Protein chains: 2
Amino acid sequence: MTSHNKPPTLQDVARDAGVSCNTASVVLNGSRSNTRVSEATRERVIRAAANLSYVPNAMARGLAQKRTQAIGILFGVAAGSTDYVTNPYMTGILQGVLEAAGDAGHCVTIYTQGWVSAKVSAPLFRDGRTDGVLVIAPPATADILSGLSALGIPLAAVACEAEVLNIPSADVDNRAGVELVVRHLIHLGHSRIALITGEADMSSTALRTDAFTSAMRDAGLQPDRQLYARCNYSGEGAERAFLSLWNMQDRPTAIFACNDAIAAGVARAARSIGAAIPDELSLVGFDDVPTASMVTPSLTTVRQPLQMIGAEATQMLLGRIAGEVYPATPRLFSPALIVRESTGKVCSR
Amino acid sequence: MTSHNKPPTLQDVARDAGVSCNTASVVLNGSRSNTRVSEATRERVIRAAANLSYVPNAMARGLAQKRTQAIGILFGVAAGSTDYVTNPYMTGILQGVLEAAGDAGHCVTIYTQGWVSAKVSAPLFRDGRTDGVLVIAPPATADILSGLSALGIPLAAVACEAEVLNIPSADVDNRAGVELVVRHLIHLGHSRIALITGEADMSSTALRTDAFTSAMRDAGLQPDRQLYARCNYSGEGAERAFLSLWNMQDRPTAIFACNDAIAAGVARAARSIGAAIPDELSLVGFDDVPTASMVTPSLTTVRQPLQMIGAEATQMLLGRIAGEVYPATPRLFSPALIVRESTGKVCSR
DNA sequence: ATGAAAGCGCTAACAC
DNA sequence: GTGTTAGCGCTTTCAT
């Protein structure tokens, strides 16, 4: 009906209730002197507020108490790129973040500017818009965490090396995930197992590579460095990586791709040259994105509880904002191996 | 280094530059009286600000000028649900929103509380946290648009009936998309074409159903109401819908599913009972989500420029906030038919 | 060309 | 129990 009417202020509530601003504030906040307000007054205030559909102005409140009830989220990607929101890993995390933040009554603000450098970007996060920032999977080479941390901004992170900076973080248990994969493949009789990793500067790359090497050793297999290839987590370069492995004289019988996008690229490349999965080549991915179950052959992969990881990191951030202290070691979540059609017994040829 | 240091204020800048707060403000904002500041002063201020890595406090600025440089985004879903962020349609739109907002230097705040009712939820959007709200694909039955509009909150929308409320909106040209589908199928020789729609209260359902009926008529075909089925856009119920169609004595030779998730459900159900796609049944989806190209058989579908739609709606919202006026008729974007493997010539049996 | 002063809406000391 | 006062950091008239 009445359009463009200004939102009611605390003053309006106070006036309608016949009390001072202060009293209204105290009542509505349920703050300390809560009990020192007569029932009658309290009720009048509450009623007046309800009648006006009063909602406190977040800016004013934020200014006064230096708390905004909002957290910021920063995806560890280059400035200008917004692909992250369509990436199933990121959106899985984001869902957990939104849930946890929502439960705590906080809004989630996405900083749209992207990271340039600590010098340029970090100060932007001191604009008082958010109470803290959640950093998702930043490249190890970026100075995001150190830059924000140096300014004293409350922080939590997902999937990265945050321990040295004493920043609470959550992640999948990469080592456990890789072990599930390697054991599964070995159980199927594979011994020449190749690894295709993503970007070198992602913490998961180092963790998964290490874990892979260890798991192979633990199984009594000599890891062959020739069987380690690299491309991008986006899947870009997966075909080339696959071909280089496939064209070896002693080609692998199985490939562990460090995420499902890479695995999809490998599957496509394999099909295009007529390499049969899983008959000639077993393939495993990581993440269990929705597509993994829909492709043919469906993809054996490692599922990580993205939502839980995002929620946990958010809760730690909210805790940190409230002054709590967390251990610096990342909170790890157990992965699960989802066996589908892309892996099979090693072919005897 | 120095942790927990408070962010520099305008005062700090002014002090360092040896000017008053006011002057510093004027210089840094490049506001009107811009020219009435001496070069020397201006430079000192700028330098001081740079040295301090000064960033204006968004709360204070927001309070003073009633503009926050942030837009809110509200996905038209039930309270408590956060699935939307993992839905490719929503994330495609979101990507466009983030880009357009980022280009304009605005943050994007996701309201995490979900919509309950106009009475309960609308006032929350008057908390001054954002300058306006973008509403994405709300159900026609929800009072989101009317509720927010009644409070005078600047609004723009995606994929909904916003015309009566005079709210600018953007969407794919549903009619054109459906026509592409129907013509394609008819061209392949199909005449018994079934339609499976999503929720009845989504604007796209009515639009696509209407367009389908018209397109059939235009082609000289009598649309058969028996061939209209319904399920959810999530794909839930698609199997049942498919079976009911498939078990008719005079079953359809083609199915147009109103989105790719529904089409995926149909494909799964068809496979499970051994109905061959496209030999016995042609199948078309809508949206062209990433999975559409990866499944077997790959899905013929209608691609909509989600990013552009999201970006356009965002620009209109920003325009509205700035006082611009837009026509109430939705801005429509052309879809494209992506022909893949799931459609083929009608089988002569 | 620059500064002083008021106020945005709220909270939090402190008086009464 | 309740009201008064003084900011939070910034913008914006209005003087000078």
Side-chain angles (χ1 to χ4, degrees), chain A residues 5-46 48-49 52-70 123 126-131, chain B residues 5-46 48-49 52-70 123 126-131:
Chain A
N5 39 4
K6 305 171 95 66
T9 72
L10 191 58
Q11 289 248 31
D12 297 330
V13 175
R15 183 180 19 70
D16 284 13
V19 299
S20 79
C21 252
N22 183 347
T23 306
S25 172
V26 166
V27 169
L28 295 175
N29 286 302
S31 77
R32 42 154 205 129
S33 353
N34 198 356
T35 50
R36 313 195 309 191
V37 174
S38 76
E39 256 321 304
T41 309
R42 127 187 279 61
E43 205 149 286
R44 264 182 302 142
V45 171
I46 299 211
L52 292 169
S53 292
Y54 170 75
V55 172
N57 181 295
M59 297 294 122
R61 181 195 278 247
L63 227 207
Q65 60 180 21
K66 298 172 163 292
R67 286 294 222 68
T68 66
Q69 304 274 94
R126 295 171 106 187
D127 66 357
R129 209 182 271 286
T130 58
D131 296 330
Chain B
N5 40 3
K6 304 171 97 65
T9 72
L10 191 57
Q11 289 248 30
D12 298 329
V13 174
R15 184 181 17 72
D16 284 14
V19 299
S20 78
C21 250
N22 185 346
T23 306
S25 172
V26 166
V27 168
L28 294 175
N29 286 304
S31 76
R32 35 140 218 142
S33 353
N34 200 355
T35 50
R36 315 193 308 191
V37 172
S38 78
E39 257 321 304
T41 309
R42 133 188 273 62
E43 206 150 285
R44 265 182 301 142
V45 171
I46 299 215
L52 291 170
S53 291
Y54 170 76
V55 172
N57 180 295
M59 296 294 121
R61 182 194 277 245
L63 226 207
Q65 60 181 21
K66 297 171 165 292
R67 286 295 221 67
T68 65
Q69 305 274 93
R126 297 216 287 177
D127 66 356
R129 209 181 272 284
T130 57
D131 297 331

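Fair warning: this is a prediction, and the values are worked out from it, not measured in the lab. The figures here come from the full heavy-atom set of this structure, side chains too, leaving out hydrogens, waters and symmetry mates. The chains referred to below are lettered A, B, ... by the order of the sequence lines, with proteins before strands, and numbering in each begins at 1.
For the pair B:Arg61 and D:dG9, the criterion of a side-chain N or O lying under 4.0 Å from OP1 or OP2 is not met. For A:Asn57 and C:dC8, the shortest distance from a side-chain N or O to OP1 or OP2 is not below 4.0 Å. Residue A:Tyr54 places none of its side-chain N or O atoms closer than 4.0 Å to OP1 or OP2 of C:dG9. For D:dG1, the OP1/OP2 oxygens have no side-chain nitrogen or oxygen of A:Thr23 closer than 4.0 Å. Contact annotation: A:Thr41 reaches the phosphate of D:dT2 (side-chain N/O to OP1 or OP2, under 4.0 Å). Remark: B:Thr9 is not in phosphate contact with D:dC8, judged by side-chain N or O atoms under 4.0 Å from OP1 or OP2.
Atoms CD (A:Gln11) and P (D:dT5) sit 14 Å apart, rounded to a whole Å. Rounded to whole angstrom, the span from the CG atom of A:Leu28 across to the C1' atom of C:dG9 amounts to 13 Å. As rounded to whole Å, 11 Å separates atom P of C:dA12 from atom CZ of A:Arg67. Taking atom CZ of A:Arg129 as the reference point, atom P of D:dC8 lies 21 Å away to the nearest angstrom. Note: NZ (A:Lys6) to P (C:dC8) measures 10 Å, nearest angstrom. Rounded to an integer number of Å, the gap from B:Arg15 CZ to D:dG9 C1' is 14 Å. The separation between A:Gln69 atom CD and C:dC10 atom C1' is 14 Å, rounded to whole Å. A:Asp12 has its CG atom 12 Å from the P atom of C:dC8, to the nearest Å.
Taking the side chain of B:Leu63 as heavy atoms from C-beta on, and the options C:dA1, D:dG9, D:dT11, the nearest nucleotide is D:dG9. Of the listed nucleotides (C:dG9, C:dA1, C:dG3), C:dG9 has the atom at the smallest distance from the side chain of A:Ala60. Of the candidate nucleotides D:dC10, D:dG9, C:dC8, D:dG9 has the atom nearest to the side chain of A:Lys66.
Looking at residues two or more places apart in sequence or on another chain, you find a salt bridge (charged side-chain N to carboxylate O under 4.0 Å, His left out) between B:Asp12 and B:Arg15. Residues passing the salt bridge (charged side-chain N to carboxylate O under 4.0 Å, His left out) test with A:Asp16, sequence neighbours excluded: none. Applying the side chain to side chain donor-acceptor pair (under 3.5 Å) rule to A:Ser53 yields no partners; only residues at least two apart in sequence or on another chain are considered. Partners of A:Arg67 under the salt bridge (charged side-chain N to carboxylate O under 4.0 Å, His left out) rule, at least two apart in sequence or in another chain, do not exist in this structure. Annotation: side chain to side chain contact (heavy atoms under 4.5 Å, CB included) contacts of A:Pro7 (sequence neighbours excluded): B:Arg126. A search for salt bridge (charged side-chain N to carboxylate O under 4.0 Å, His left out) contacts involving B:Asp127 returns B:Arg129, not counting sequence neighbours. Considering only residues two or more places apart in sequence or on other chains, A:Ala17 meets the side chain to side chain contact (heavy atoms under 4.5 Å, CB included) condition with A:Val19, A:Arg44, A:Val45, A:Ala48.
When atom types are taken as modelled, the side chain of A:Asp131 and the backbone of A:Gln69 share a donor-acceptor pair closer than 3.5 angstrom.
Toward the 5' end of DNA chain C, the nearer of the two residues B:Gln65 and B:Arg44, judged by each one's closest nucleotide, is B:Arg44.
Summary of helix geometry: the two end axes of the helix from C:dA1-D:dT16 to C:dC16-D:dG1, each defined by five base pairs via their C1' atoms, are inclined to each other by 40° (rounded to 10°).
Between A:Asn29 and A:Arg61 the shortest side-chain heavy-atom distance falls below 4.5 Å.
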Strictly under 3.5 Å: I want the nitrogen or oxygen pairs between protein and nucleotides 4-6 of chain C, one per line.
residue: C:dA4; atom: N6; partner: B:Asn22; partner atom: ND2; Å: 2.0

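Residues B:Ala49 and B:Leu28 approach most closely at CB-CD2, 3.9 Å, considering heavy atoms.
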